[in-house]
Amino acid sequence: MTVRTRYAPSPTGDPHLGNIRTALFAWLLAKHNGGQFLLRIEDTDRQRFVEGAVEAQMETLRWLGIDWDEGPDKGGPHAPYTQSERLDIYQDHAGRLLASDWAYRCYCSSERLSEVRKAQQARKEPPRYDRHCRDLSAKDRAQREADGAPAVVRFKTPLDGETLTHDALRGEVPFANDTLDDFVILKSDGYPTYHLAAIVDDHLMEITHVLRGEEWISSLPRHVLIYQAFGWDPPVFAHVSRILGSDRAKLSKRHGAHAALTYREMGYLPEAIVNFLALLGWSLDDKTEIIDIDTLIGAFDIDRLLTNPAVFNAEKLEWMNGVYIRNLSPENLAERALPFLEGALGRPVDAQKLAQIAPLIKERIKTLKDVVEMAGFFFTEGPLDYEPELILGKKSFAGAPDRAAQALASVIAAVEALDDWNHEALEGAVRPLAEEMGVKAGELFAVIRVAVTGRTAAPPLFETMAVLGRDLSLERLSAARGLLA
RNA sequence: GCCCCCGUCGUCUAGCGGCCCAGGACGCCGCCCUUUCAAGGCGGAGAUCGCGGGUUCGAAUCCCGCCGGGGGCACCA
């Protein structure tokens, strides 16, 4: 049997890392088994629908390389893949349950329902539907229908016995039926609830493995009951744990980013995000951290999924992103970093020049966005903007602007005389100067560094100057000397 | 209130009865390399395996109880 999994978000907002990790696991499971992965939109709550949310879901998946074989945008043998376009299917299935006496119409008003709940809570009883309409007489029922009373369809949960559920990660979990109530499967507006829609669709779409958040575990017996009522075989269920914030609370905006796409804006590589997410609740072995996508697909195994919640470790993600950046070719790094630089500069940047700089900065940046800080000075014309004190530093030249200015003059003279403007020649010309001045080479370099980069921490000095070119380097050196005079 | 899930270094994790007085990774601290910052190399601190009972020659690993954390109990998903 072909493995078929799905990601079925509701379009109520931007997908966050937890959603995406579940999608990733489902996708990996399908890929590992040569099966299919599908995208289904569960928009059965018209109140909570958020404009653009469907597109955000798809954009996130595309960014991460999680592709789907069937979905709302590309169709497939079980189209449509948007639940609001499948209403007749759910209504038909609710009708079947009504016909087989597995469901009944309920006319209770929401006012009555909340009063019942309130009373139950006051009596410290579990809040649940009191089954008021379950045993309505045929006469009463006919009367309500004749009155045109709005009605929902409720599932007729067995009053006793127990429902045995099975979770691939946790094993068998029995639920006593008397802890369950008669839940709504079709709302009065004709829309199905999750319980009906998800089960019907998973069956019709031939889903073999359902991976979803663990918040669904307590609904599992309801879902198993629905499968039984229809006489269908349930798929394999695996409930994935949550991702928590650093304070062990549910991941939210308070923990910085939680929408997956904001990591793209922050300069994270999709392959790093995928690798990192895969390792939250799953592991390859006892030591491997960096795992490319093909290895991930080849090794992914549902049995190695963990059931305990994982705290999101932003520092580790940052480290991992750095690893992936360092493994990028100069051209690739340049291509990916380009938008960030252009965005910050507000003008186009030469990709080739960036590629030339890439080797100098790749082990110094953790995110693509860091190029702005680390390499921005390569792309600005003329002198830089910095405090003159920065040039003097905290060592030999501290409080001695005259000496620093003199040193810069010597450097300018030595460097001006060079025939070839490359880093070996530059270093050959400048390094001996330090000894003549009686300062350590590093201290002299520090002065030059600030002059040409405007920063105390920068890529290797002479390689930087080589890329900067003769004119710009000399211009900045002179400007720095002028600043000290 | 009822039901369910979870509990190994700060964090992500390995472990599925002896290889573990618990291994790897991030972070942290040293040292080395070095023109700065990184990267890299080496080393270090860091876990009474939530607690208490059992079972066993032997338990992080199996069983029971407790505690702690989380989730669910909607005409939301």
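Proteins come first, then strands; the chains are lettered A, B, ... in the order of their sequence lines, and each starts at number 1. All heavy atoms count here, side chains included; hydrogens, waters and symmetry mates do not.
- Annotation: A/Glu443, atom CD; neighbour count of heavy atoms from other residues, nucleotides and ligands within 6.0 Å is above 12.
- Distance CG (A/Leu279) to P (B/C12): 12 Å, rounded to an integer number of Å.
- Computed from coordinates, the A/Leu220 CG to B/C3 P distance equals 18 Å when rounded to whole Å.
- As rounded to the nearest Å, B/G10 and B/A45 have C1' atoms that lie 13 Å from one another.
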How does each nucleotide of nucleotides 23-40 of chain B score, in 5' to 3' order, for protein heavy atoms under 4.0 Å: base (B), sugar-phosphate only (S), or none (-)? BBBBS-------BBBBSS
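- Between the C1' atoms of B/C51 and B/G41, the separation comes to 42 Å (whole Å).
- B/A14 and B/U61 have their C1' atoms separated by 13 Å, with the value rounded to a whole Å.
- Heavy atoms of A/Arg455 sit nowhere under 4.0 angstrom from any nucleic acid atom.
- Checked against a 6.0 Å centroid threshold, the rings of A/Phe237 and A/Trp216 do not count as neighbours.
- Taking the P atoms as reference points, B/G23 lies 13 Å from B/C9, given to the whole Å.
- The base-pairing partner of B/U55, taking Watson-Crick or G-U wobble contacts with both distances under 3.5 Å, does not exist among the strands shown.
- Checking A/Leu306 against A/Lys124, the closest nucleotide of RNA chain B that is more toward the 5' end is the one next to A/Lys124.
- For the residue pair A/Tyr194 and A/Asp45, no side-chain donor N or O sits within less than 3.5 Å of a side-chain acceptor on the partner.
- Take A/Val184 and apply the side chain to side chain contact (heavy atoms under 4.5 Å, CB included) test, not counting sequence neighbours, and it matches A/Val152, A/Arg154, A/Thr193.
- The partner of B/C21, taking Watson-Crick or G-U wobble pairs whose two distances both stay under 3.5 Å, does not exist in any strand shown.
- Between B/U48 and B/U8, the two C1' atoms lie 12 Å apart (nearest whole Å).
- Atom pair A/Asp301:CG and B/A14:P shows a separation of 12 Å (rounding to whole Å applied).
- If you measure from atom CD of A/Glu318 to atom C1' of B/C12, you get 16 Å, rounded to the nearest angstrom.
- A 6.0 Å sphere centred on CD of A/Glu435 holds no more than 12 heavy atoms belonging to other residues, nucleotides or ligands.
- Defined by atom type and a distance below 3.5 Å, a donor-acceptor pair is missing between the side-chain atoms of A/Asn19 and A/Thr22.
- Pair assignment for B/A39: none, as no Watson-Crick or G-U wobble contacts are both less than 3.5 Å.
- Salt-bridge annotation for A/Arg46 and A/Asp189: present, with a side-chain N of the basic residue lying under 4.0 Å from a carboxylate O of the acidic one.
- Using a 4.0 Å heavy-atom distance criterion, A/Tyr191 is classed as making no nucleic acid contact.
- In this entry the distance linking CG of A/Asn177 with P of B/C4 reads 13 Å, nearest Å.
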Where along nucleotides 67-77 of chain B does protein come under 4.0 Å, by heavy atom, of base (B) or sugar-phosphate alone (S), with - for untouched nucleotides? ----SSBSBBB
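- Nucleotide B/C73 forms a pair with B/G1, judged by Watson-Crick or G-U wobble geometry with both contacts under 3.5 Å.
- Atom NZ of A/Lys369 has 12 or fewer heavy atoms from other residues, nucleotides or ligands within 6.0 Å.
- We find the CG-OH distance between A/Asp202 and A/Tyr227 to be 4.5 Å, quoted to the nearest 0.5 Å.
- Comparing B/A60 with B/U55, their P atoms sit 16 Å apart, to the nearest whole Å.
- Going from the C1' atom of B/G65 to that of B/G7 covers 16 Å, rounded to whole Å.
- Residue contacts shown for A/Arg304 are limited to sugar-phosphate atoms, with no base heavy atom under 4.0 Å away.
- Taking atom C1' on both nucleotides, B/G71 is separated from B/C76 by 15 Å, rounded to a whole Å.
- Heavy atoms of A/Gly213 sit nowhere under 4.0 angstrom from any nucleic acid atom.
- Other residues, nucleotides and ligands contribute more than 12 heavy atoms inside 6.0 Å of the CG atom of A/Asp285.
- Judged by the 6.0 Å and 45° rule, A/Arg455 forms no cation-pi pair with A/Tyr386.
- If you check B/C66 for Watson-Crick or wobble pairing at under 3.5 angstrom, you find it paired to B/G50.
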